[in-house]
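What follows is one structure encoded as structure tokens, with my remarks underneath.
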Number of protein chains: 2
Amino acid sequence: MLNEKIKLFKALSDPNRLRILKMLQYKPLCVCEVTSLLNLATSTVSKHLHILKEAGFIIEKKDGKWVYYFINNNPDDKRVTRILMELDFWISDNQQIVSDLRKIEDLDKQLACTP
Amino acid sequence: MLNEKIKLFKALSDPNRLRILKMLQYKPLCVCEVTSLLNLATSTVSKHLHILKEAGFIIEKKDGKWVYYFINNNPDDKRVTRILMELDFWISDNQQIVSDLRKIEDLDKQLACTP
DNA sequence: ACTATATTTCGTTAAATAACGAAATGAGAT
DNA sequence: ATCTCATTTCGTTATTTAACGAAATATAGT
């Protein structure tokens with residue numbers, strides 16, 4: 001069904017989700033880290049991650065209290081793999097993305113994930 | 001701006017627009033031909049074509065009473081070109097698409113575009 | 001100028017989406 | 001078992017989107 005196929009494109013049709021994908025391509029992050037980087041409510045970020053997971057772009061791994069999200073590099077679904085490969089090309093040189101990646105380097109998990 | 005970039009993905013996030021793109025990859029069509037193939041209101045189809053045009057996927061050429069739409073094969077925007085190249089791969093073997101293409105072969109413009 | 005036909009624009013409605021805060025859940029630590 | 005904290009789910013609100021029909025626009029032929 002075409003409605004199933006467009007789930008991939010819908011998942012890519014939101015700027016915050018593109019930012020998340022690019023962040024996770026840089027390195028795996030837990031929900032609170034992503035939340036801190038995007039400056040959105042935790043529930044909103046959780047929803048975005050769910051959508052990306054349903055589309056097959058990312059996978060989750062629990063680690064203690066935290067849920068870490070990883071780019072799905074399993075080549076089972078070749079459509080996902082190819083899109084992830086093209087991602088860099090489609091949104092290269094974006095100011096927001098570049099700034100996000102810089103912030104990840106300075107990110108202090110301790111600081112980001114404690115109340 | 002990321003909002004500009006996601007226009008491409010939003011344009012792909014609708015089953016009828018994917019059907020249109022695949023049809024136009026087979027051959028250029030006028031609005032009433034597309035309308036007849038999709039079984040939607042003319043105004044709806046016109047809107048979809050406008051969105052695809054704004055995203056850069058297709059171009060329009062007027063020919064008498066009719067407005068024909070073509071796949072944009074001009075490689076100015078490499079993002080558009082690459083996505084169009086990948087399209088086949090992403091939505092290959094779809095029942096709806098296959099059926100659409102079969103219908104195009106039998107399509108009688110005279111019949112489709114007269115009241 | 002008038003008519004016929006193709007397309008676009010406009011106004012409306014129903015459904016989908018993104019955001020938030022509050023409440024519920026789950027999993028370690030005490 | 002209880003407490004704490006990270007995450008998800010729920011309910012709500014504002015915005016966006018897809019669809020339609022009717023009215024407006026454009027172009028060809030009479």
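Scope of the values below: all heavy atoms of this structure, side chains included, with no hydrogens, waters or symmetry mates. Order of the sequence lines sets the chain letters (A, B, ...), proteins ahead of strands, with each chain counted from 1.
Across D:dA22, D:dT8, D:dA6, the shortest atom-to-atom separation from the side chain of A:C113 is found for D:dA6.
The distance between atom CG of B:L38 and atom C1' of C:dT7, rounded to the nearest whole Å, is 16 Å. Taking atom CG of residue B:L52 and atom C1' of nucleotide D:dA18, one finds them 14 Å apart after rounding to whole Å. Nucleotide C:dT7 holds its P atom 15 Å from the CG atom of B:L40, rounded to whole Å. The CD1 atom of A:I51 sits 16 Å away from the C1' atom of D:dT7 (whole-angstrom rounding). Atoms CG (A:L111) and P (D:dA6) sit 12 Å apart, rounded to a whole Å. Counting to the nearest Å, the C1' atom of C:dA16 and the CG atom of A:N3 are 12 Å from each other. A straight line from NZ of B:K47 to P of D:dA24 spans 20 Å, rounded to a whole angstrom. Regarding B:H50, its NE2 atom lies at a distance of 16 Å from the P atom of D:dA19, rounded to whole Å.
At a threshold of 4.0 angstrom between heavy atoms, the contacts of A:H48 are confined to the sugar-phosphate backbone, with no base atom among them.
A cation-pi arrangement, defined by a distance under 6.0 Å to the six-membered ring centre and an angle within 45 degrees of its axis, is absent between A:R79 and B:F89. With B:W66 as the aromatic partner, B:K61 does not meet the cation-pi criteria of under 6.0 angstrom to the ring centre and within 45 degrees of the ring axis.
The pair B:E60-B:K53 meets the salt-bridge criterion, with a side-chain N (NZ, NE, NH1 or NH2) lying under 4.0 Å from an Asp/Glu carboxylate O.
Atom CG of A:D93 has 12 or fewer neighbouring heavy atoms from other residues, nucleotides or ligands inside a 6.0 Å radius. Dense packing is recorded around CG of A:N74, with more than 12 heavy atoms of other residues, nucleotides or ligands lying under 6.0 Å away.
For the contact set between residues 9-34 of chain A and DNA chain C, defined by any heavy atom under 4.0 Å, the members are A:K10, A:D14, A:N16, A:R17. Contacts with DNA chain C (heavy atom under 4.0 Å) in residues 61-70 of chain B: B:K65, B:W66, B:V67, B:Y69, listed by number.
A:C32 has its SG atom within less than 2.5 Å of the SG atom of A:C113.
Between A:L107 and A:A112, the shortest heavy-atom distance links the atoms CD1-CB, 4.0 Å. Across all non-hydrogen atoms, the minimal contact from B:Y69 to B:V31 is CE1-CG2, 3.7 Å.
Two residues are said to be in side-chain contact when any heavy atoms from C-beta on lie closer than 4.5 Å; B:F57 and B:V80 meet this criterion.
Residue B:T44 has a polar side-chain atom (N or O) positioned under 4.0 Å from OP1 or OP2 of D:dC20.
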